[in-house]
Amino acid sequence: MSFRRLLVAAILITILCALPWASAADNADGQTAQALRRFDENKFGMFIHWGLYAIPAGEWKGTYVRGIGEWIMNRARIPVKEYEQLAKQFNPVKFKGAEWAQLAKDAGMRYMVITAKHHDGFAMYGSKASSYNVVDATPYGKDPMKELSAACAQRGVGFGFYYSQDQDWHEPNGRGNTWDFPAERKPKVYLENKVLPQVKELLTGYGTLSLIWFDTPGMLSEEQVSDLRRTVKTLQPSCLLNSRIGHGKGDYFQTGDNAIPIQLYSKSKWEVPATLNDTWGYKKNDQNWKDPADLIAKLADIASKGGNYLLNVGPTAEGAIPEAAQRVLQTIGKWLAVNGEAIYGTAPSPFYFPDITWRCTVKPGKVFLHLINWPGPNFRFEGLESKVKRAYFLGNGKEVPFRQEGRALSFTLPETAPDAYNTVLVVEIADRTPRVAPGYVHNTLPARLDLYAWTARLRGEELRYDRKTSSASNFRNAERDRNELWWYPYGALSGEYNVEFTYACDDRIAGSRFQIGVQKGNQGPAHVALQGRVEGTKAAFVTRRLDGTLRIEPGDQHISFGLPDDDKSAGIKVRKITLTRR
Ligand code: H79
């Protein structure tokens with residue numbers, strides 16, 4: 001063979017060897033990218049927390065257990081031997097996969113994520129890897145996930161599993177159960193004997209999975225998480241992984257539970273997991289159902305900021321989704337049936353949000369203004385430079401009169417909102433994508449910015465939000481959980497600020513204290529940044545400048561409003577804090 005032929009042969013062999021490998025890798029990445037696009041378009045999903053914890057339903061041995069229901073084993077320090085006994089009572093005779101899938105469909109939810117195994121370690125599907133599962137350990141003896149995954153597939157609802165990969169309170173080598181298993185963990189043993197085999201079962205027994213939703217990373221090493229990721233992607237390359245797999249190995253980002261970024265967040269695709277009341281797993285006495293108007297506004301808020309909304313229901317041990325939850329979801333579904341065009345498949349807002357009057361989503365040639373708090377008959381919208389051709393309500397098709405002068409648009413609206421929940425105003429523009437005036441672009445926040453109670457996470461099961469006064473109340477501290485407002489800047493707010501506070505209260509609590517804190521980084525206790533005392537306001541809302549400076553760094557996790565431990569000012573009503581950059 002001549003040298004030339006040898007060279008050609010060598011090159012050919014190199015190409016041939018490289019090709020299949022390259023195309024397989026491209027294929028996996030390509031499938032992930034395509035799945036992410038579909039995930040982004042879907043916007044709204046149903047989360048389901050269902051497990052043995054639905055039996056005690058928030059009460060252990062006659063005593064109420066505070067906090068999220070699926071944590072009862074941990075909070076009440078229930079020994080494995082005792083908690084395991086619950087399986088013998090688990091018999092969800094009312095469960096019908098078709099009804100749950102249909103409810104998701106009716107609610108306008110385009111994917112579903114259900115707990116295959118939560119932190120308690122109990123598999124809610126038929127597992128060969130552990131007999132601690134719904135088929136082998138309960139009188140029910142069937143696999144509800146077979147029925148549910150099929151019912152979702154039939155209706156075109158995406159299907160995925162929640163799987164607690166790091167905490168497992170049933171296993172000596174899983175993380176979290178320190179009351180039964182004080183000895184050191186061998187994560188490898190747990191990973192290889194339970195996690196990897198179970199994840200394989202989930203990927204091979206339930207059709208195409210849209211995603212696997214891991215939670216609370218901590219113990220597994222980067223290499224172990226890589227193994228976990230590879231296990232998933234080898235079996236189903238299009239199955240998405242959330243960021244809570246740990247070590248930055250997810251396909252999309254999760255905010256904290258019930259945490260919505262204060263402004264547009266565009267670093268990557270993200271999703272907010274959220275509760276419909278104050279728990280994930282069913283708790284019999286939690287009737288604090290969120291108002292559908294609020295949830296619809298939150299859906300618009302999240303879509304406007306670039307996220308997905310994964311909204312949870314906690315079915316009972318009998319296998320029924322609480323009726324109150326069903327009613328709320330049906331109401332959202334009715335709104336989406338009319339207004340879905342302004343949610344599904346939209347791009348986020350090119351504008352920043354100066355207040356809580358409107359939110360914004362975009363499609364080619366169209367700007368959707370979601371009027372989540374009715375502005376009254378004269379609505380002025382600033383910052384759009386594209387020529388407006390036409391404006392109308394999405395719900396009833398009625399034309400809306402407007403004037404456009406420079407960067408200001410003035411709309412003439414009815415006195416009251418045409419839609420009781422969220423009226424969508426469609427603004428047709430001459431450009432394919434809106435041109436935005438400098439100073440209004442989402443990533444150039446103004447020097448003065450309001451943080452409304454409405455954009456905060458209400459942290460604590462006693463807190464309440466009132467839409468009429470746009471304020472949160474009932475801040476009294478409770479054992480281990482503090483009732484606080486938490487705002488999540490996600491990097492958007494670094495700087496030093498003067499702070500104003502807008503609130504109302506009765507004169508009788510005048511002089512009592514409150515505090516504003518910053519969670520430095522994302523671990524450890526919040527650092528108290530500012531303290532203040534309330535004046536009596538005769539129940540009217542007032543705005544007061546606070547002494548001191550609030551310093552926010554790029555990695556800080558949240559800003560909080562709450563009361564010191566000894567405080568009496570629980571009756572305060574909080575509308576917003578205003579930050580002015582120094
Ligand atoms: O599955 C849901 C929660 O169970 C899970 N994530 C969502 C989607 C979650 N795991 N950990 N956390 C949430 C953080 C939990 C913190 C708390 Fe507690 C549990 C606060 C109150 C109960 C642990 C026990 C910390 C304080 C007491």
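For this chain, numbers begin at 1 and follow the sequence in order.
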Revision key, fill the gap. Rounding to 0.5 Å, atoms CD1 (Ile296) and CD1 (Ile332) come to a distance of 6.0 Å
Review point. So, for Arg185 and Pro172, which heavy atoms are closest and what is the spacing to 0.1 Å?
Key: CD-O, 3.1 Å
Revision key, fill the gap. Closest non-hydrogen contact found for Ile245 with Pro217 is O-CB, 4.1 Å
**Study point:** Closest contact, heavy atoms only, Leu458 versus Ala453
**Key:** CD2-O, 4.5 Å
**Study point:** side chain to side chain donor-acceptor pair (under 3.5 Å) partners of residues 87-96, not counting sequence neighbours, each pair once
**Key:** Gln85-Lys88
Review point. Do side-chain atoms of Asn477 reach the backbone of Leu563 as a donor and acceptor pair under 3.5 angstrom?
Key: yes
Check your understanding: Between Tyr344 and Arg110, is there a cation-pi geometry (under 6.0 Å to ring centre, at most 45° from the normal)?
Key -> yes
**Study point:** Main-chain N/O of Lys186 paired to Asn173 side chain as donor or acceptor, under 3.5 Å
**Key:** yes
**Study point:** side chain to side chain donor-acceptor pair (under 3.5 Å): pairs with one or both residues in residues 207-226, sequence neighbours excluded
**Key:** Tyr162-Asp215, Gln167-Thr216, Trp213-Glu271, Asp215-Arg244, Ser221-Gln224, Glu222-Lys249
Point to revise | Sequence neighbours excluded - side chain to side chain donor-acceptor pair (under 3.5 Å) pairs with any residue from residues 149-160 | key: Gln102-Arg155
Check your understanding: Would one find more than 12 heavy atoms of other residues, nucleotides or ligands at under 6.0 Å from atom NZ of Lys284?
Key -> yes
Practice item. Kindly give the heavy-atom pair with the smallest separation between Leu485 and Ala456, and that separation in Å. Key: CB-CB, 4.0 Å
Review point. Can you tell me if His170 uses its side chain to pair, donor with acceptor, with the backbone of Glu84 under 3.5 Å?
Key: no
Revision key, fill the gap. Sorted by chain and number, sequence neighbours left out, ring-ring contact (aromatic ring centres under 6.0 Å, His included) with Phe122 holds for Tyr132
Exercise for review: Any chance you could lay out the side chain to side chain donor-acceptor pair (under 3.5 Å) test for Tyr421 and Asp294, step after step, and finish with the verdict?
Suggested key: CA-CA 8 Å; Tyr421 299 107; Asp294 200 59; over 6 Å; no
Check your understanding: Does Ser127 use its side chain to pair, donor to acceptor, with the backbone of Ala123 at less than 3.5 Å?
Key -> no
Point to revise | Short side-chain to backbone donor-acceptor contact, Lys269 and Gly306, under 3.5 Å | key: yes
Exercise for review: Provide the closest heavy-atom pair for Gly246 versus Val225 in the form atom of the first, atom of the second, distance.
Suggested key: O-CG1, 3.6 Å
Exercise for review: Examine distances only and state if a side-chain atom of Asp251 and a backbone atom of Leu241 form a donor-acceptor pair shorter than 3.5 Å.
Suggested key: yes
Check your understanding: Arg75 side chain to Arg66 main-chain N or O, any donor-acceptor pair under 3.5 Å?
Key -> yes
Point to revise | side chain to side chain contact (heavy atoms under 4.5 Å, CB included) involving Asn258 - partner list, sequence neighbours excluded | key: Ala274, Thr275, Trp280, Lys290, Arg457
Check your understanding: At what distance, to the nearest 0.5 angstrom, does CD of Gln519 lie from CD of Gln557?
Key -> 5.5 Å
Practice item. Show the numbers, then the answer: is there a side chain to side chain contact (heavy atoms under 4.5 Å, CB included) between Phe181 and Trp179? Key: CA-CA 6 Å; Phe181 313 120; Trp179 55 99; over 6 Å; no
Check your understanding: Does Asn133 reach the main-chain N or O of Ser130 with its side chain, forming a donor-acceptor pair under 3.5 Å?
Key -> yes
Exercise for review: Tell me, please, which residues at least two apart from Tyr452 pass ring-ring contact (aromatic ring centres under 6.0 Å, His included).
Suggested key: none
Exercise for review: Output all residues satisfying side chain to side chain contact (heavy atoms under 4.5 Å, CB included) with Glu484, sequence neighbours left out; order by chain, then residue number.
Suggested key: Arg482, Trp486, Ser560
Review point. Does the ring centre of Tyr252 sit less than 6.0 Å away from the ring centre of Phe39?
Key: yes
Exercise for review: May I have all residue pairs that pass ring-ring contact (aromatic ring centres under 6.0 Å, His included) and include part of residues 67-89, sequence neighbours excluded?
Suggested key: Trp71-His119, Trp71-Trp169
Point to revise | Interatomic distance, Ile302 atom CD1 to Asn308 atom CG [nearest 0.5 angstrom] | key: 9.0 Å
Point to revise | Non-neighbouring partners of His370 that pass ring-ring contact (aromatic ring centres under 6.0 Å, His included), sequence neighbours left out | key: none
Point to revise | Aromatic ring pairing His49/Phe47, orientation class (parallel under 30°, perpendicular over 60°, tilted between) | key: perpendicular
Check your understanding: Would Gln254 and Asn242 count as having a side-chain donor-acceptor pair, cut-off 3.5 Å?
Key -> yes
Practice item. Please confirm whether the backbone N or O of Phe44 pairs with a side-chain atom of Asn42, one donor and one acceptor, at under 3.5 Å? Key: no
Revision key, fill the gap. Residues passing the ring-ring contact (aromatic ring centres under 6.0 Å, His included) test with Trp100, sequence neighbours excluded, are Trp50, Phe95
Review point. Distance under 6.0 Å and angle within 45° of the ring axis: does Lys298 meet both against Trp454?
Key: yes
Check your understanding: Tyr265 and Tyr488: aromatic ring centres closer than 6.0 Å?
Key -> no
Review point. Does the ring of Phe353 carry Arg359 above it, NZ/CZ under 6.0 angstrom from centre and within 45° of its axis?
Key: yes
**Study point:** Main-chain N/O of Glu59 paired with Thr63 side-chain donor or acceptor, under 3.5 Å
**Key:** no
Study note, to complete from the structure: Sorted by chain and residue number, the side chain to side chain contact (heavy atoms under 4.5 Å, CB included) partners of Pro79 (sequence neighbours excluded) come out as Glu82, Asp180
Check your understanding: Of all residues at least two apart in sequence or in a different chain, which pass the side chain to side chain contact (heavy atoms under 4.5 Å, CB included) check with Pro322?
Key -> Tyr282, Trp289, Ala325
Practice item. Could you walk me through whether Asn288 and Asn277 pass side chain to side chain donor-acceptor pair (under 3.5 Å), step by step? Key: CA-CA 5 Å; Asn288 186 25; Asn277 46 357; over 6 Å; no
